[in-house]
Amino acid sequence: MAIVTGSDGITPREGWSSRTAFVLAAIGSAVGLGNLWRFPAEAGANGGGAFVLFYILCVVLIGLPVLLSETLIGRYGQSSAPESVRRMATESGASRHWDVLASIGVLSALLIVSFYCVVGGWVLYYIGVFAADVVQTGIGGGAFEGRDPAEIEGLLPGLFGNGPLMIGLDAAFLGVTLYFVARGVKGGIEKVAVWMMPAFFVLLLAITVYGAFGGAFRESAVYLFTIDFSKLTGPVMLAAVGQAFFSLSLGVATMITYGAYVGRDVNLAGTSGTVGFADTAVALVAGLCIFPIVFAAGLAANAGPGLMFQTLPHAFQTMPGGSLVGLLFFVMVAFAALTSSVSLLEVPTAWMKERFGIRRGVSASVIAAMAMVLGALAALSFNELGDFHPLGFVPLFEGQGVFDVLDGLTSKLFMPIAAILTCVFVGWIADRRLIDAENGLEGGLHRIWLLLVRWLCPLALIGILLVGIFPSLTA
Ligand code: PHE
């Protein structure tokens, strides 16, 4: 494989050891809590089929073109995200301030990793709960035998009521993330993806097959794929596009950052397609895997964020071997979440390391410390800081605590805005020869991609942003 060189063009830079390592790391970044926890919750809360269809449309028509645009900027620039954009801009004779599209991403990545690790902490908690149950009651019967279902559903509110425990679990998850990021691209980030993603796929398959036999598979498919267009309102569309971006790790400069570690011999269009396909497939399988269990137990689909943490454990109660299935399920979620949080922490880490010329370990630790402060505030928004609404004066964030603000601000504003800028930059500003040399597309596909990046993606994104922020526009 080609040697990847640093900013001076001579010194070897950090890079993936192979194309497979890159693809697994990128899939690892994309597949995470977004697919397993956020997607079913959003689909359930936004009316099922119409949301799912619009989400898939967003992935294909907006997500994939943007994914390719981001990776190609990274590979061209071979630097941290803002510097990569600056290089492409300067080389194209454009203003270096286009780097703002990546700077927004660096900020978003910090904000997301802060609340993401809080949810990662919840996953650790459930691993503990199920592991204890396996030890206590064995794996023969359902989970939590003889315990009141209300008690099981009460586990999450119980955790939410315990600020210090949540902060401790957040610190644990962030600590593991930091460990792998500090070890570098080959020694840490790549290792975690290469080991955990295959294990993740095996577990997902096993649990889905299990759910298909035991649960209401048909009912789930009907729920996820029956389309009622009247449900496709402005906010639902914004939620769907936000979900598509969140799930594909876009608008956060992750793919620019990961693209910078890719060798010249890799076809970026091909890898983008693989990553997009794998991510969407996992989201749909996760829906088909979670809803049968939920429906089989006669529970509600629109439980929102509680779906994975409350409804599902409750459902594991009635299932033969439920404690073991539950344990494996949450281990699988933790694997997926870790490969994503690693990619999130890497974005600001790479920036700081390059910007201030400091060691990777130091830079990762400083960023993690900031994420810890924000994460603690997010964790406390479920209890002590429940009445603190930092952006309460903005209608979109009315009544929301720190956790929801971090999520909403990034997925509904920063990510789409960064993506719009990325499309304008790649489609209109950057030198076509630079773009064409990187994108790995030819003929008709190349023309379609350019058309999407220049017109459809930015215009659709602006439209969706507007109707999402001002729902009265569609009323
Ligand atoms: N895509 C990840 C997930 O679905 C989350 C993520 C968002 C990761 C943005 C990196 C950047 O869980």
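Counting starts at 1 for both ligands and their atoms, following the listed order.
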Any cation-pi pair here, Arg86 with Trp98, using under 6.0 Å and within 45°?
no
Taking any residue with a non-hydrogen atom under 4.0 angstrom from an atom of ligand 1, which ones do you get?
Ser29, Ala30, Gly32, Leu33, Gly34, Asn35, Tyr116, Phe246, Ser247, Ser249, Val252, Thr254, Ser340, Ser343, Leu344
Could you tell me whether Asp407 and Arg38 have a side-chain N and a carboxylate O separated by less than 4.0 Å?
yes
Does the separation of the ring centres of Tyr223 and Phe295 fall below 6.0 angstrom?
yes
Give me each pair satisfying side chain to side chain donor-acceptor pair (under 3.5 Å) with a member in residues 60-77, each pair once, sequence neighbours excluded.
Arg75-Glu438
Any side-chain to backbone donor/acceptor pair from Asn46 onto Glu42? Under 3.5 Å, distance only.
yes
So that I know where these two stand, are Phe403 and Phe115 an aromatic pair - ring centroids less than 6.0 Å apart?
yes
